[in-house]
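Comments concern the structure below.
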Number of protein chains: 2
Amino acid sequence: MAKTTLVSLAESLGVSRQTISNVINAPHRVKPETRERVEHAIAESGYRPSAAARQLRTRRSMNLGIRMMPVVDGINGSILDRFLHALTEAAQEEGYRLTLFSAATDDDEVRQYEDLLNVADLDGFVLTGTHHGDQRTAWLLENEVPFASFGRPWSDTEDPFTSLHPWVDVDGGAGTEQATRLLIDQGHTAIGFIGWPAGSGAGDDRRDGWRRALQAAGLPADQLDLRVFDGVPAGARAAEQVIAAGATAVVCASDSLALGALSTFRSRYPAPASPDVIGFDDTPVAAAVGLSSIAQPIEDAARHIIRVLAHTLSGDEASGRPDKHLLLTPTLAQRFPHPLAGDGWLA
Amino acid sequence: MAKTTLVSLAESLGVSRQTISNVINAPHRVKPETRERVEHAIAESGYRPSAAARQLRTRRSMNLGIRMMPVVDGINGSILDRFLHALTEAAQEEGYRLTLFSAATDDDEVRQYEDLLNVADLDGFVLTGTHHGDQRTAWLLENEVPFASFGRPWSDTEDPFTSLHPWVDVDGGAGTEQATRLLIDQGHTAIGFIGWPAGSGAGDDRRDGWRRALQAAGLPADQLDLRVFDGVPAGARAAEQVIAAGATAVVCASDSLALGALSTFRSRYPAPASPDVIGFDDTPVAAAVGLSSIAQPIEDAARHIIRVLAHTLSGDEASGRPDKHLLLTPTLAQRFPHPLAGDGWLA
DNA sequence: AAACGTTATTTGATCGTTCAACTTAGTGAT
DNA sequence: ATCACTAAGTTGAACGATCAAATAACGTTT
């Protein structure tokens, strides 16, 4: 049984190749009667157009590239897993496929763009983890390669909502602000923040949210603002410092940091009735140890990214174009804070 | 600046298309002198062969498919993340790329094979989570589609080492056996096992390892063998039962189950000096709560899978063919068992 | 110097689509 | 009856590579 192609199908039907091609790509050009006959034959024969041939002619592969970041921290990594998943599903729905590539650094990533564009004919890219002075977005814009990023473009001067490329992001600051307000409502008057060194965009944004909530409540931030590199041990050490500065609760920029902080808090203070340590990303680890955490609607983000990218690629300016820039609001997953002493997270 | 193609490059060099093609695909056919001149020109012009054209002619895409399983359990899911990562890197080294697709069920996966083979011209597939009576391997074998699986073919009658398709797996039984022996050496005489319902291949294998260790030491397994569906709450409940049956330690088929068990154990027994609950997969959660766990060499597995698959696809029977069937041995990550009461996992 | 074998290089055909230009038929207005 | 226009369908060329077969170049043998 030979492989069915446009030509073989056309012959057996007594029509021309192009008519079949039209049935597939521009049905309105074909008389309904003929169309139905062809459609039936397509289903019958199980014909599938060859991606290679189509790609050669149209210069579109329906393939999007996404980089696998090196696994630095198993804890935070899980969010990428969820993201990738949602991305794959959304892409599939829009008729696109995802091609993975791995790059150790941003430079490396840029270097691979060229290869991937030519060699694999990728139609566009999904970026994650944008930061200040991101060379990747600059390169892609310069070379007019379609892409969308999870993460807004971070700049001190420009409004992200005017940026040239589409992006979706989660309003981390709104999340930490909400978390901090909860702690304030619970009666805390000295609330610390454990975050990353300044300059990371997302990290600064989360810090700002905490600071806003404190200011609104007229509470001090001095001595309570710690900046460390991500990781559980670093979080634990930082927690000792904020406690020394008088803090009775703390908001963290990641679940890794929060997990460390939680261990310090439990060894210094008895387990309280409401959260005193709040993390970020709502990872499985947080759920496991009963750590409250700020949850990103990452599935929504993924879906929207694909939608925007697909829209850009289709060139279809008319039909309901999705927001080019979208800032989603995270939610707070509140948990009983010391499960290993009870059954907290079993519910 | 027009895109460089074989023809444009050939013209500017005064040689024929085919010569350039040969420099790339069969350098030995070209006179060293010419070759060097062409190679220089290639580098100069930044020429990259078009994947589409090549694919159309050779019917090979250098693309491998891998399915994204639905995220069931964030805890165990992280291992897939690591696997995917290693797979991507290994594939890249061998000149292959990975294309993701998502399928909710095995049936769905099989259905997508056809599409992916035609539409995306995938060269082969990587399978994960093989089980008894797996329809996917049957379909792929029948249709002569190259693939390799992470997970041996599970059958009561046939020796996996004679199977027709290549696979890599981790000897889970060896892992649980080692873990159980450790508990025995530590003085435990009633050691339970919390695993999945019979029939899952990998699950039964892990149970068998535990049982072997007990038998070798002349210890009883009665009443201590629990079968539940995966999850933290289920693990906690099962732990109550094994404790009721007299167990002072337990080995689990997953970190989810182990995490539940750990919570029960800590509420019944004081924290011991050596592990009394041992999980499987060495997930970040295990590391976070100081849970000992059996660690799969998953990066090695991924690398080998790609190597075998690449070898099959190259058709190169001669050059050092990698083992068609490979069983790797896991290691035991031993941890201090109650970090939240101290600084156990900060080291 | 003719005949030969090997190596180096070129040429024509092909993979399976889509684009662009073209033909044919049908409809309605002038 | 002529013309203009739209609709439906056809055909040749092109996308950019590789395969297979043909040719050119070159040193060896007779």
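Proteins get letters first, then strands, A, B, ... in listed order; numbering begins at 1 in each.
Atom NE2 of B:His40 is surrounded by 12 or fewer heavy atoms from other residues, nucleotides or ligands within 6.0 Å. Crowding of A:Arg29 atom CZ: a count of heavy atoms from other residues, nucleotides or ligands under 6.0 Å not exceeding 12.
Distances shorter than 4.0 Å separate none of the side-chain N or O atoms of B:Ser16 from OP1 or OP2 on C:dT11. OP1 or OP2 of D:dT10 has at least one side-chain nitrogen or oxygen of A:Thr19 nearer than 4.0 Å. A sub-4.0 Å separation between OP1 or OP2 of C:dA8 and a side-chain N or O of B:Thr34 is absent.
Taking only distance into account, the side chain of A:Arg57 meets the base of D:dA14 through a donor-acceptor pair shorter than 3.5 Å. In the interface, the side chain of B:Gln18 is paired with the base of D:dC19 through a donor and an acceptor atom under 3.5 Å apart.
Heavy atoms of A:Thr58 sit under 4.0 angstrom from primed sugar atoms or phosphate atoms, though from no base atom.
Counting to the nearest Å, the P atom of D:dA13 and the CZ atom of A:Arg17 are 11 Å from each other. What separates CE of A:Met62 from P of C:dT17 is a distance of 16 Å, to the nearest Å. Atom CG of B:Leu56 is separated from atom P of D:dG16 by 12 Å (rounded to the nearest Å). Atom CG of A:Leu6 and atom C1' of D:dG9 are 15 Å apart (whole Å). A:Leu9 has its CG atom 13 Å from the C1' atom of C:dT17, to the nearest Å. For the pair A:Arg35 CZ and D:dA8 P, the computed distance is 10 Å after rounding to whole Å. When the C1' atom of D:dC26 is taken as reference, atom NZ of B:Lys31 falls 10 Å away, rounded to whole Å. The interatomic distance linking A:Asn22 (CG) with C:dC22 (P) rounds to 18 Å, in whole Å.
Where B:Val30 and B:Ala53 meet DNA chain C, the nucleotide closest to each residue was compared, and B:Val30 sits on the side nearer the 5' end. Mapped onto DNA chain C by nearest heavy atom, B:Val15 and A:Arg54 fall at different nucleotides, with B:Val15 at the one closer to the 5' end.
Across all non-hydrogen atoms, the minimal contact from A:Tyr47 to A:Thr4 is CD1-O, 3.5 Å.
A side-chain contact (heavy atoms from CB on, under 4.5 Å) with B:Leu98 is found for exactly one of B:Asn63, B:Leu122, B:Leu64, namely B:Leu64.
Between B:Phe161 and B:His325, the ring planes lie perpendicular to each other; the angle is over 60°, past the 30° to 60° tilted range.
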